[in-house]
Amino acid sequence: MLNYKRYQKNPVVSYPEREWPNKEIEKAPIWCSVDLRDGNQALIDPMVVEEKIEMFQYLIKLGFKEIEIGFPAASQIEFDFLRQLIDRKLIPDDVLVQVLTQCREELIDRTFESIEGCKQAVVHIYNSTSTLQRDVVFGMERDQIIDIAIKGTEMVKERAAKFPGKIVLEYSPESFTGTELDFALDICNAVQRTWGPTKENPMIINLPSTVEMNTPNVYADQIEWMNKHLDNREAIILSVHPHNDRGTGVASTELALLAGADRVEGTLFGNGERTGNVDVLTVAYNMFSQGINPELHIEHINEIIELYERCCKIPIHPRHPYAGKLVFTAFSGSHQDAINKGVKAMKDRNREHWQVPYLPIDPADIGREYEPIVRINSQSGKGGVAFVMDTYFGFKLPKGMQREFANVIQALSEQQGEVAPDMIMDSFRKEYLEQKEPLHFRSLHVDDLSGVVQSEFDTRVRVKYTRNGVERFFEAIGNGPIDAVRRGLAEDLDLNIKILDYEEHALQSGSNSQAAAYIHLLDAETGRVTYGVGVSSNITRASIRAIFSAVNRLGLGKR
């Protein structure tokens with residue numbers, strides 16, 4: 001039996017005055033990529049310097065203005081990487097590099113050595129503040145933990161005063177989610193009093209969900225409480241650094257933004273320690289889907305995926321939000337039908353805003369294509385098959401015909417699994433367009449009898465066709481070519497057939513356009529019905545081919 005009694009609930013915040021549930025995200029936060037620190041340190045095969053440089057330059061291309069490049073005091077490769085960025089002048093003037101260090105003098109000295117020559121940088125100091133770590137890791141009381149943070153701040157401040165460039169201080173009470181709020185407030189206030197930020201030269205207070213310990217609403221309560229109680233709030237950029245241990249990193253981030261966070265640290269696709277950091281791209285695409293400018297250049301997701309998978313050596317899950325190969329697919333027949341109707345409604349109504357069921361955004365807006373949207377398998381219905389025939393090949397199947405053809409494809413998918421669009425079209429040709437035995441339509445001549453003879457019929461047709469390879473001919477009159485051919489064929493072969501419905505449409509525009517015609521035919525002797533399809537540059541000829549297609553599908557030419 002699952003031993004759930006070994007675990008206890010983490011405490012929640014008693015905060016009935018919360019205001020964040022009534023707010024909405026209205027703008028993008030300050031984004032800080034930690035792909036080259038949290039992301040890289042979590043790789044089985046960490047990036048080499050050249051890969052780091054490529055990733056750094058791509059993050060700039062995406063629009064990140066703040067990038068944490070590592071822990072140069074603790075890693076020679078990260079020290080060398082930062083030196084290359086500075087020495088090769090690869091850091092744009094409007095980009096802040098961020099370096100992480102513990103509050104220890106030798107590490108802070110090494111950190112300042114690493115950023116020598118840099119015009120501006122964020123020096124990110126931290127120490128663990130959680131109740132558990134104070135007890136089992138450090139064996140320290142609150143005042144001792146605060147003293148570590150203050151001394152670290154003083155050391156950075158002393159060196160920043162001699163540094164020729166601009167230094168922004170960032171402080172993180174590590175394991176913030178496991179820290180008592182009053183203590184988190186005390187240590188953050190102590191740091192900012194020591195540093196002395198102003199509205200013009202603010203510092204960053206970063207409140208990490210180092211380990212997710214509760215539901216996202218609790219994190220939001222913690223952030224809002226800090227947001228409202230921090231001293232000198234106008235001189236502070238309030239930042240969050242969510243992890244994903246409970247699988248709610250994105251939700252925690254979004255609620256933290258409602259609660260007053262100004263800045264988000266995260267990674268592309270959520271790479272990071274354990275279950276990862278918050279996926280910055282998902283948060284950004286979520287904003288985009290709500291009509292908010294995410295302030296990142298994320299229009300080409302396939303390019304982002306290619307760079308990420310190559311540098312990180314981690315594949316994107318096929319169900320990853322926005323990026324997965326299958327996220328814009330629809331296996332369910334009802335979903336496919338809804339997508340089909342939604343796309344058609346968008347076109348027919350010329351809508352300004354995107355509104356298609358099951359597709360929160362237009363895949364084309366982020367560099368995806370419509371090709372993989374609908375996948376056909378044994379679970380698919382008539383709507384999905386109809387969507388493929390329309391979107392890929394231009395055939396707008398009549399509603400009654402959609403079920404008939406879907407049954408053909410379902411039988412095929414039950415034998416082999418998923419059916420690709422080209423295979424669907426091959427089946428369509430075989431079932432309808434290439435139904436030329438035993439009857440094969442050859443030629444048609446039409447005479448307009450209106451005003452020439454006194455008759456209820458105004459059209460005469462002369463039709464040449466073959467039956468099992470033997471040439472035959474008939475002449476008939478009727479109300480238009482379709483009726484005349486139906487009458488002539490019925491008389492010539494002694495059939496009792498009726499046309500129940502007829503539809504037609506152009507397959508493509510321009511001088512070389514072709515037309516598709518659909519005939520719904522009834523065998524009055526047996527009550528059986530089916531559809532026939534014909535294609536030609538001449539709509540009348542397409543219609544006659546559709547009649548012959550339907551007669552062959554009913555097996556009437558064999559009589």
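Count residues from 1 along the sequence.
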Q: Any chance you could measure I482, atom CD1, to T540, atom OG1, to the nearest 0.5 Å?
A: 7.5 Å

Q. Are the side chain of S543 and the backbone N or O of I539 linked by a donor-acceptor pair below 3.5 Å?
A. yes

Q. Got a donor-acceptor contact below 3.5 angstrom from the S427 side chain to the M423 backbone?
A. yes

Q) Are any side-chain N or O atoms of T275 and backbone N or O atoms of N244, one a donor and one an acceptor, separated by less than 3.5 Å? A) yes

Q) Are the side chain of N302 and the backbone of G367 linked by a donor-acceptor contact shorter than 3.5 Å? A) yes

Q | E475/R462 ion pair, N-O < 4.0 Å | A | yes

Q: Consider only side-chain N and O atoms of N286 and E254, and report whether a donor and an acceptor are under 3.5 Å apart.
A: yes

Q) Is the side chain of T466 donor-acceptor paired with the backbone N or O of V470 at a distance under 3.5 Å, no angle test? A) no

Q.
Pairing donors with acceptors under 3.5 angstrom, does anything connect the side chains of W354 and D365?
A. no

Q: Report the distance from atom CG of N214 to atom OH of Y219, rounding to the nearest 0.5 Å.
A: 13.0 Å

(Q) Pairing donors with acceptors under 3.5 angstrom, does anything connect the side chains of D501 and Y518? (A) no

Q: Ignoring hydrogens and angles, state whether a donor on the side chain of R472 or Y465 is under 3.5 Å from an acceptor on the partner side chain.
A: yes

Q.
Side chains of T215 and N217: any donor to acceptor distance under 3.5 Å?
A. yes

Q) Above 12 or not: heavy atoms from other molecules or residues under 6.0 Å from CD of E352? A) no

**Q.** Neighbour count >12 (heavy atoms, 6.0 Å) for atom CD, E50
**A.** yes

Q) Does a sphere of radius 6.0 Å around NZ in K344 hold more than 12 heavy atoms from other residues, nucleotides or ligands, not counting ones at 6.0 Å or beyond? A) no

Q. Do the ring centers of F548 and H440 come within less than 6.0 Å of each other?
A. no

Q) Just how far is it from atom CD of E431 to atom CD of E404, taken to the nearest 0.5 Å? A) 8.5 Å

**Q.** Derivation and outcome, ring-ring contact (aromatic ring centres under 6.0 Å, His included), residues Y432 and Y531
**A.** CA-CA 8 Å; Y432 298 97; Y531 278 85; 7.9 Å; no

Q. Do T282 and Y322 have side-chain N/O donor and acceptor atoms under 3.5 Å apart?
A. no

Q) Are the side chain of N552 and the backbone of L439 linked by a donor-acceptor contact shorter than 3.5 Å? A) yes

Q) How far apart are the closest heavy atoms of D483 and G478, and which atoms are they? A) OD2-CA, 3.4 Å

Q: Assess the side chains of E306 and Y308: does a donor N or O sit below 3.5 Å from an acceptor N or O?
A: no

Q | A284 backbone acceptor or donor facing W31 side chain under 3.5 Å | A | no

Q) T177 and E212: side-chain donor and acceptor closer than 3.5 Å? A) no

Q) If every non-hydrogen atom of D245 is compared with every non-hydrogen atom of V211, which pair is closest and at what distance? A) OD1-CA, 3.4 Å

Q: Heavy atoms only: give me the nearest A256-V240 pair and the separation to one decimal.
A: CB-CG1, 3.9 Å

Q: Specify the closest pair of heavy atoms between R528 and R553, including all atoms of both residues, with the distance to one decimal.
A: NH2-O, 4.1 Å

Q | Gap between atom CD1 of I519 and atom CE of M401 - 0.5 Å precision | A | 11.5 Å

**Q.** Rounded distance (nearest 0.5 Å) linking atom CE of M389 with atom CD1 of I409
**A.** 8.5 Å

Q: State whether E295 and K65 are salt-bridged, where the test is any N-O pair (Lys NZ or Arg NE/NH1/NH2 against Asp/Glu carboxylate O) under 4.0 Å.
A: no

Q: Please list all pairs passing the salt bridge (Lys or Arg N to Asp or Glu O under 4.0 Å) test where one or both residues lie in residues 23-45, with sequence neighbours left out.
A: R37-E68

(Q) I'd like to know if the side chain of Y285 reaches the main chain of I298, judged simply by a donor and an acceptor atom lying under 3.5 Å from each other, with no hydrogens or angles considered. (A) yes

Q) Does R486 reach the main-chain N or O of I499 with its side chain, forming a donor-acceptor pair under 3.5 Å? A) no

Q) Should E503 and K396 count as an ion pair when the cut-off is N to O under 4.0 Å? A) no

**Q.** Charged N-O contact under 4.0 Å between E51 and R310
**A.** no

Q. Between atom CZ of R541 and atom OG of S536, what is the distance when rounded to the nearest 0.5 Å?
A. 5.5 Å

**Q.** For the student: nearest non-hydrogen atoms of E309 and I316, plus distance
**A.** OE2-N, 2.8 Å

Q | Closest contact, heavy atoms only, V551 versus L489 | A | CG2-CD2, 3.9 Å

Q.
When you measure from the side chain of S252 to the backbone of G249, do you find a donor-acceptor pair of N or O atoms at a distance under 3.5 Å?
A. no

Q. Does NE2 in H300 sit with more than 12 non-hydrogen atoms of other residues, nucleotides or ligands closer than 6.0 Å?
A. no

